[in-house]
There are 2 protein chains.
Amino acid sequence: MDTATRALEIAERLAQTRGFNGFSYADIADELEITKASLHYHFESKADLGLALIERYTDGFKGALAAITGDASTRLRRYAKLYEDVLVRDRMCLCGMLAAEYSTLPRSMQDAVRRFFDMNDEWLTRTLDRGRSAGVLGFDGTALEAARVLTAGFEGAMLLARSYSEPARFAVTAKRLLAHLNGSTAARGSRAKQSRAAARPVRRAAAHR
Amino acid sequence: MDTATRALEIAERLAQTRGFNGFSYADIADELEITKASLHYHFESKADLGLALIERYTDGFKGALAAITGDASTRLRRYAKLYEDVLVRDRMCLCGMLAAEYSTLPRSMQDAVRRFFDMNDEWLTRTLDRGRSAGVLGFDGTALEAARVLTAGFEGAMLLARSYSEPARFAVTAKRLLAHLNGSTAARGSRAKQSRAAARPVRRAAAHR
DNA sequence: GTCTATAGGTGGATAGAC
DNA sequence: GTCTATCCACCTATAGAC
């Protein structure tokens with residue numbers, strides 16, 4: 001692997017764990033065992049490095065999405081798994097992290113972050129629409145709205161799970177977010193407005209406080 | 001207002017917009033029109049300032065939660081409104097922002113960030129449980145799990161809405177997240193697994209792509 | 001491609017006068 | 001409480017030799 005790529009892999013890990021403003025050329029150079037000056041040969045400025053980082057990440061994600069098969073319900077579970085795979089490596093979604101730092105980023109990086117989320121919106125919207133048409137999924141409103149609930153929920157769940165070092169928090173939340181779309185479960189069919197707590201004691205275990 | 005408090009207000013705004021690692025003593029001192037040295041008189045270290053920031057924010061939020069009245073459904077809408085009020089001032093939730101930077105924060109601040117989310121978990125869990133018992137809300141699983149779906153969704157929606165300068169993204173997502181709990185709406189009652197798209201054309205306007 | 005050396009700036013923090 | 005002056009570590013970035 002060439003030096004530029006190795007630099008990107010190190011930078012990616014640092015950006016996902018500490019944020020783009022949380023690491024420096026020195027951190028990367030030290031790990032590569034080259035000097036900061038040499039690193040500037042590969043990436044003239046940190047903004048250039050950052051842009052390359054996002055575009056590489058987006059391409060990788062696009063490839064992962066393209067590799068997802070199955071019916072809509074399965075696809076969504078696999079989509080959630082992509083996030084979970086990032087989290088279990090103790091990382092935040094790169095673009096979720098950059099979204100937090102958004103106002104401090106150079107314009108080129110801001111635009112690239114948006115493109116990542118736009119890509120997610122498109123993939124999810126398509127998947128949700130097809131799932132609903134096929135009768136596999138059920139949800140109100142537009143598919144785009146439902147897509148954004150998922151993205152917000154997944155990104156937020158990652159953010160919080162990381163603060164507690166509890167990847168399971170993500171898994172539980174992701175599962176429930178997907179359950180809202182899964183019209184075919186027994187739970188949905190049997191649930192009513194009125195208090196059914198007493199009727200389903202098994203699901204009430206371990207409530208907080 | 002005394003200097004320390006004014007410093008905290010400025011720091012709070014900067015932390016919510018740029019992150020804790022995105023501002024410096026110089027930024028605050030410049031706005032206050034005092035020197036950095038004077039600021040160190042009020043807050044010996046940036047870690048001290050950061051801790052005071054979170055504790056003040058948490059206290060304020062706790063007060064806002066205590067002031068919320070109404071049935072469970074109304075309370076949840078008002079809870080969402082608290083987040084929206086932050087967002088429309090072009091800010092991220094302070095602790096959501098700090099959660100992103102979590103691994104770079106001093107231990108004292110990390111613990112305080114967790115306490116903020118623990119407080120939210122408790123308030124939401126209590127509200128959700130009461131709402132379900134009263135028959136106002138309907139949801140599967142534990143109230144704690146449902147609470148965390150809301151927190152994750154709200155924090156994530158704020159994060160994304162800010163990257164697009166579109167507060168409406170938050171409002172739409174928040175509304176849908178709450179709708180999942182509102183067993184009494186006509187939508188829930190009428191929705192089925194099978195594709196009902198054709199039956200509800202009015203809700204299908206403006207799909208993405 | 002990688003190095004040494006350095007520029008020019010900013011970070012948080014402290015000493016001590018007023 | 002606020003100041004001047006200063007420290008030292010770190011930041012991104014560049015010039016120019018090898």
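Note on naming: letters A, B, ... go to the chains in the order of the sequence lines (proteins, then strands), and numbering restarts at 1 for each one.
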Looking at [N], I'd like to know if its phosphate oxygens (OP1 or OP2) sit under 4.0 Å from a side-chain N or O belonging to [X].
{"X": "A:Thr35", "N": "C:dT2", "value": "no"}
{"X": "B:His42", "N": "D:dT2", "value": "yes"}
{"X": "A:Ser38", "N": "C:dC3", "value": "yes"}
{"X": "A:Tyr41", "N": "C:dG1", "value": "yes"}
{"X": "A:Thr3", "N": "C:dT2", "value": "yes"}
{"X": "B:Ser24", "N": "C:dG11", "value": "yes"}

Problem set entry | Lys NZ or Arg CZ of A:Arg169 over A:Tyr164 ring: under 6.0 Å, within 45° | yes
Exercise. Within 45° of the axis and under 6.0 Å from the centre of the six-membered ring of B:Phe139, does NZ or CZ of B:Arg132 qualify?
Worked result: yes
To the nearest angstrom, how far is [X] atom [atom1] from [N] atom [atom2]?
{"X": "B:Asp2", "N": "D:dT2", "atom1": "CG", "atom2": "C1'", "result": "15 Å"}
{"X": "B:Asn21", "N": "D:dT12", "atom1": "CG", "atom2": "P", "result": "13 Å"}
{"X": "B:Leu32", "N": "D:dG1", "atom1": "CG", "atom2": "P", "result": "14 Å"}
{"X": "B:Asp27", "N": "C:dG9", "atom1": "CG", "atom2": "C1'", "result": "14 Å"}
{"X": "A:Tyr25", "N": "C:dA7", "atom1": "OH", "atom2": "P", "result": "21 Å"}
{"X": "B:Arg6", "N": "D:dT2", "atom1": "CZ", "atom2": "C1'", "result": "13 Å"}
{"X": "B:Lys36", "N": "C:dG11", "atom1": "NZ", "atom2": "C1'", "result": "7 Å"}
{"X": "A:Phe20", "N": "D:dT12", "atom1": "CZ", "atom2": "P", "result": "8 Å"}

For this session: Measure from the side-chain heavy atoms of A:His40 and tell me the nearest of D:dC11, D:dT14, C:dG11.
Result: D:dT14
Problem set entry | Nearest listed nucleotide, side chain of B:Ser45, among C:dA13, C:dT4, D:dA13 | C:dA13
Would you indicate whether the side-chain heavy atoms of [Y] and [X] approach each other to under 4.5 Å?
{"X": "A:Phe20", "Y": "A:Thr104", "answer": "no"}
{"X": "A:Thr69", "Y": "A:Arg78", "answer": "yes"}
{"X": "A:Phe117", "Y": "A:Glu122", "answer": "no"}

For this session: Would you classify B:Phe23 as touching base, sugar-phosphate or nothing, given that sugar-phosphate means primed atoms plus P, OP1 and OP2, and contacts are heavy atoms under 4.0 Å?
Result: sugar-phosphate
